[in-house]
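Just below is one structure, and these are the notes that go with it.
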Amino acid sequence: MKKSDLPQKTCAVCGRPFTWRKKWKDVWDEVRYCSERCRNDRGKTMKAKPGASQS
């Protein structure tokens, strides 16, 4: 199977596309992040919205 034929998803944090990996074969439906860094940063994107007024 070619890499171009593998399923793809878009990362919920950075928005970049990422492809299926063998280590995700049993949990592919649950995978939402392309990397550990994005998984760790998942809460930071909601808190720091530019232009939001903070009081």
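FYI, the numbering just counts along the sequence from 1.
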Compare every heavy atom of [Y] with every heavy atom of [X], then report the nearest pair and how far apart it is.
X     : Y     : answer
Cys34 : Cys11 : N-SG, 3.5 Å
Gln8  : Pro17 : OE1-CB, 4.4 Å
Trp28 : Thr19 : CH2-C, 4.0 Å
Thr10 : Phe18 : C-CE2, 3.7 Å

Practice task
First locate atom CH2 of Trp20, then atom NZ of Lys9, and finally report the distance between them rounded to the nearest 0.5 Å.
Solution key: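 Between Trp20 CH2 and Lys9 NZ, I get 12.5 Å after rounding to 0.5 Å.
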Practice task
Under the side chain to side chain contact (heavy atoms under 4.5 Å, CB included) rule, collect the residues that match up with Arg32, sequence neighbours excluded.
Solution key: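 Partners of Arg32 under the side chain to side chain contact (heavy atoms under 4.5 Å, CB included) test: Ala12.
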Practice task
List in chain and number order the residues that pass side chain to side chain donor-acceptor pair (under 3.5 Å) with Arg39, two or more places apart in sequence or in another chain; answer none if no residue qualifies.
Solution key: Glu36
